[in-house]
Structures are given as structure tokens and as C-alpha cells.
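First up is the structure itself, then whatever we jot down about it.
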There are 2 protein chains.
Amino acid sequence: MAERKTTWKSVRDRVRDDILAGRFKPGDRLPRDADFADTLNCARSTVQRAMQDLVDSGLIERRRKGGTHVRREPIARATLDIRVTRLEIEQSGREYGYQLISLKEAVPPVSVLAKLGIAAPRPLLRADALHLADGRPYILEERWICTQTTPEILQVDLTRISANEWLIKNKPYSRYELRLYAQKASATTAQQMEIDQGDALFVIERATFEDERPITLVKSFAQPGYQLVATT
Amino acid sequence: MAERKTTWKSVRDRVRDDILAGRFKPGDRLPRDADFADTLNCARSTVQRAMQDLVDSGLIERRRKGGTHVRREPIARATLDIRVTRLEIEQSGREYGYQLISLKEAVPPVSVLAKLGIAAPRPLLRADALHLADGRPYILEERWICTQTTPEILQVDLTRISANEWLIKNKPYSRYELRLYAQKASATTAQQMEIDQGDALFVIERATFEDERPITLVKSFAQPGYQLVATT
DNA sequence: TAGTGGTCTAGACCACCGG
DNA sequence: CGGTGGTCTAGACCACTAT
């Protein structure tokens with residue numbers, strides 16, 4: 001025998017190929033892990049590891065007793081890494097700059113309250129700021145911060161450090177929701193970003209929570225031309 | 001002892017809490033898995049499973065011999081599920097419609113060739129189509145297809161089935177690249193989508209490959225108001 | 001080269017859920 | 001209820017890489 005050892009990746013690849021080649025069709029039930037293990041002459045846990053990877057990539061579904069099935073409706077699953085804005089700029093070789101535009105307390109619109117899961121309207125801290133790359137506006141941040149869950153933010157000098165950075169360093173979150181969409185630049189936004197009114201902006205909206213308690217909601221407006229890249 | 005069994009999730013949560021609470025700071029080295037296992041009185045593989053999860057979520061980095069470290073530069077990692085357009089529409093309770101706009105062979109611009117990793121310019125199949133929700137334009141698809149890697153597409157009646165759907169069912173891919181950005185609607189696009197010229201469109205651009213061999217590149221222009229949502 | 005994470009094994013028990 | 005996947009264990013060996 002000149003056989004290499006069976007690894008979980010080789011099992012995964014084999015099963016994946018079987019599915020992609022149509023030997024197992026959408027909705028089909030796959031053999032039990034134990035049978036795969038016998039066939040491939042490896043331990044069941046090796047098969048289990050492979051299957052878990054296929055679940056993660058969205059190709060199959062597994063249920064106890066129900067068995068393993070090829071997903072009926074294929075999905076493409078991609079992973080997005082969102083870095084701190086400062087590092088994103090610095091790591092692309094440009095100089096980072098930061099500028100606080102405004103800071104005040106105000107009662108946010110209901111749409112904002114809804115996204116943060118706040119029932120009764122109450123004032124939050126609103127911080128608008130600009131992240132600059134080589135001195136030019138790169139990302140405009142419109143942020144609401146819950147002073148109830150993060151009162152310490154009131155002691156921070158937000159003219160020197162961005163809320164983005166302070167929060168990441170000091171306020172852990174357990175969950176967040178991302179929304180990505182496109183929006184036309186308003187007159188105000190256009191002026192702040194030094195672009196034309198009506199330009200298409202890429203918007204990253206993120207709400208973060210700590211155990212269901214809202215921390216912050218931020219809309220990041222990216223300069224026209226900005227791209228978010230994800231790979232499999 | 002009224003102790004419950006140590007599960008890998010409990011280990012993960014404990015380590016994560018330690019990190020988020022600042023007991024381990026960015027860059028810090030964590031104990032070896034074996035030590036954690038001793039401390040928590042569980043098997044090393046249980047610790048390993050927990051650590052793998054933390055790696056996946058972007059909180060820590062691990063290297064053989066180097067050990068486990070808290071990431072210096074925190075990243076927010078989110079997973080995007082991209083469904084077949086037809087299902088996306090149908091599952092939101094609207095009626096799906098499809099319409100082929102044009103089909104021809106042409107030599108794509110270098111930017112397209114570059115994204116597909118094609119060195120020498122050669123003609124590809126260009127298929128433009130519209131996906132409709134309740135009879136109204138929802139997503140406009142501009143697609144290039146490599147007839148070299150997928151010659152079968154030439155036999156398909158693309159006026160009846162979308163290339164989107166046919167490819168997913170018949171052409172497996174092993175890798176893809178996603179680019180997300182915002183773009184103003186051109187005069188032509190605006191007309192096809194029944195919107196105003198200059199409206200901000202959300203664009204999902206996807207290049208798919210099978211073992212480095214390019215299959216297709218598609219730009220999907222989504223109706224203003226379209227949002228892509230991701231959760232942790 | 002030695003220390004660390006990565007993987008495989010064989011076996012056991014448990015948790016879920018379909019029939 | 002019984003079949004299936006999910007997890008834990010204890011041990012072994014391997015693969016990478018920091019020192």
C-alpha cells in the first residue's frame with residue numbers, strides 16, 4: 001500500500017466532489033458517518049470533522065436521527081472581515097487622519113431606536129466623525145452611543161480618539177448586526193466628504209450589543225470607489 | 001461536586017470572557033492547550049475545539065510552537081449568505097420573474113479579464129438579464145461566461161432559465177471572490193431597471209472559479225433600497 | 001531541535017427527533 | 001423508541017516554526 005493517511009480534509013473533498021459532480025443531488029440523504037468511516041477506513045470522528053466543515057460552508061445539513069442531507073437550496077457563503085478604520089487605512093500604506101465633526105445628546109429617530117431594540121425613546125450620544133486617508137475624507141461615521149450601557153464614553157476625549165477605536169478597545173460586544181447598502185450622498189454628507197451631492201455611497205451600518213443590551217449603532221459612509229472584498 | 005460536565009462551548013465562553021474582560025490583552029500569549037485542559041479538568045481535544053471556534057471568529061491566532069495569542073488587531077467577522085436570486089425573491093413572498101435582455105459574444109474589457117485571471121484577451125459570452133419581483137425590476141445582472149470552461153452553456157436556452165440558476169445547478173465551483181460596492185445608475189441601467197439615472201445602486205460582483213479556471217463574472221445591480229444583512 | 005498546535009483513533013455516552 | 005449526529009476522553013503521532 002502506498003496510501004497516504006485519510007485526513008478530514010480529504011474526506012471533505014471527496015464528499016464535496018461527490019455532491020458537486022451530482023452523485024448526490026440536492027435533498028439526497030448521505031450515508032451515516034459510521035458507514036463513511038467504514039468505507040474510507042477511518043475513524044468516525046474524522047468523518048464528523050469533515051461534515052462539520054461542509055455544514056459551515058453551507059453545502060449540507062445535518063440532524064440527529066434525520067441524517068445528513070445535501071441542501072436543497074444552494075447558498076454561497078462568504079466571510080467578511082471588517083477592520084478598525086484606522087488600520088484599514090494604515091495597512092494600505094496611507095496616512096490616517098481623524099476629525100470629530102460634532103458631538104451632542106439627542107433623541108434618535110425611531111428607526112435607530114428600533115435597530116438597537118430600544119422601546120422607549122430616550123436621548124443617546126450622537127458622534128459624527130471623519131476618517132481621513134492621506135488627508136482626504138475616506139469614511140464618514142454617524143454614530144449613536146447608548147450612554148446607559150456605556151457611560152464611560154462621556155469621559156473620553158472624542159476629539160483625539162475615535163469612538164470606533166475606543167469602543168473596540170474598551171467595550172466588548174457579544175453580537176452585532178450588519179447591514180450593507182447603497183445611498184445617495186445628501187448635500188451635507190457631500191460637503192463633509194468633499195464629493196458631489198448625489199454620489200453613490202457604500203454604507204456599512206452596524207449595531208452592536210452585549211447580551212441584547214445595545215451599545216452603539218454606526219453608519220459608515222464610504223468614499224465612492226470603496227469596495228468590500230470577501231473570499232471563500 | 002454538583003459540577004456539570006465541561007463542554008467545548010463552556011471552555012470557549014470562558015476564554016472569550018477572559019479576553020473581553022481584559023484579563024488577556026491584545027498580543028498576550030495564552031496558556032498551552034494542555035494547561036487549560038489541566039486547569040479545567042477536561043481533555044485537550046475539548047480545549048482544541050473551543051480554540052478553533054475562537055480562531056474562526058477572529059478573536060485569537062494560533063501557531064505551532066508559537067502558541068495561542070489574542071489578536072492584536074481586532075476584526076469583526078461576519079458571514080454573508082447569498083441565495084439564488086429566484087429563491088431570495090420567492091422566499092420573501094413575492095412573485096419571481098425573469099427576462100433575458102441580451103446575449104452575445106464579445107471581448108470583455110481588461111478589467112473583467114483581470115478579475116477572471118485571463119491573460120490573453122479572448123471573446124466570452126455576455127448575458128444580461130433582469131430578475132423581477134412582483135413584475136418589477138429587482139436585480140439586473142451583467143454576466144460574462146467563459147465558454148472555454150463551460151461550453152455547455154451555449155446549448156442552454158437562456159431566455160427561459162437564468163444563467164444564475166443554470167450555472168448553480170450544473171457548474172460546480174471551488175472558489176469565488178466577492179466585491180461589494182456602490183455605483184450610480186447609468187442612463188442605460190436606469191432605463192432597464194425603471195429607476196432614475198444617477199440613483200445609487202448596490203452592486204454585488206462575483207467571480208467564480210473551478211481550480212483557478214475561471215467560470216463566470218457577474219455584476220448584480222440591486223434596486224435602490226436593497227440591503228444585504230449579516231449577523232454574527 | 002524542542003515546544004506547541006493539528007490531527008487521528010477507538011471507544012463511550014448523550015441529545016435530539018423521526019417513525 | 002431507536003437511529004443518528006454531537007461531544008468527550010485518553011492517548012498517540014505528526015507538522016510546523018520559534019528559539
**Any B/R62 side-chain nitrogen or oxygen under 4.0 Å from OP1 or OP2 of C/dG6** = yes
**Complete:** B/R12 atom CZ is separated from D/dT7 atom P, nearest whole Å, by 10 Å
**Item:** Length of the line joining A/M51:CE and D/dT4:C1', which is rounded to integer Å
**Value:** 12 Å
**Request:** Using a cut-off of strictly less than 4.0 Å, decide whether B/Q48 has a side-chain nitrogen or oxygen near OP1 or OP2 of C/dG5.
**Result:** no
**Request:** Could you check how far CD of B/E61 sits from C1' of D/dA18, rounded to whole Å?
**Result:** 15 Å
**Asked** Can you find a side-chain donor-acceptor pair between B/R213 and B/T149 that sits under 3.5 Å?
**Response** no
**Nearest-Å distance for atom pair CH2/C1', residues B/W8 and D/dT9** = 17 Å
**Message:** Looking at A/R29, I'd like to know whether one of its side-chain N or O atoms comes within less than 4.0 Å of OP1 or OP2 on D/dT4.
**Reply:** yes
**Request:** For A/Q91 and A/R86, test the side chains for any donor-to-acceptor distance below 3.5 angstrom and give the result as yes or no.
**Result:** no
**Item:** Contact pattern, 5' to 3', of nucleotides 14-19 of chain C - B, S or - by protein heavy atom under 4.0 Å
**Value:** -BBBB-
**Request:** Take atom CZ of B/R49 and atom P of D/dC8, then tell me their distance rounded to the nearest Å.
**Result:** 8 Å
**Request:** For A/R44 and C/dT9, give me the distance from atom CZ to atom P, rounded to whole Å.
**Result:** 13 Å
**Request:** Starting from P on D/dT4, measure out to CG on A/D35 and report it in whole angstrom.
**Result:** 8 Å
**Item:** Side chain to side chain, B/L217 and B/E205, heavy atoms closer than 4.5 Å
**Value:** yes
**Request:** Considering non-hydrogen atoms only, spot the tightest contact between A/F209 and A/I215 and give its length.
**Result:** C-CD1, 3.9 Å
**Message:** Between B/R12 and B/Q52, do the side chains contain a donor N or O and an acceptor N or O under 3.5 Å apart?
**Reply:** no
**Item:** Closest-nucleotide 5' rank along DNA chain C - winner of B/T68 and A/S45
**Value:** B/T68
**Asked** For A/Y138, is the NZ or CZ atom of A/R94 found under 6.0 angstrom from the centre of its six-membered ring and inside 45 degrees of the ring axis?
**Response** yes
**Asked** Picking from D/dT9, D/dT4, C/dG6, which would you name as closest to the side chain of B/Q52?
**Response** C/dG6
**Item:** Whole-Å distance separating the CG atom of A/D38 from the C1' atom of C/dT9
**Value:** 14 Å
**Item:** Any side-chain donor near an acceptor of the partner, B/R62 and B/T68, under 3.5 Å
**Value:** yes
**Item:** Toward the 5' end of DNA chain C, by each residue's nearest nucleotide, B/D33 or A/C42
**Value:** B/D33
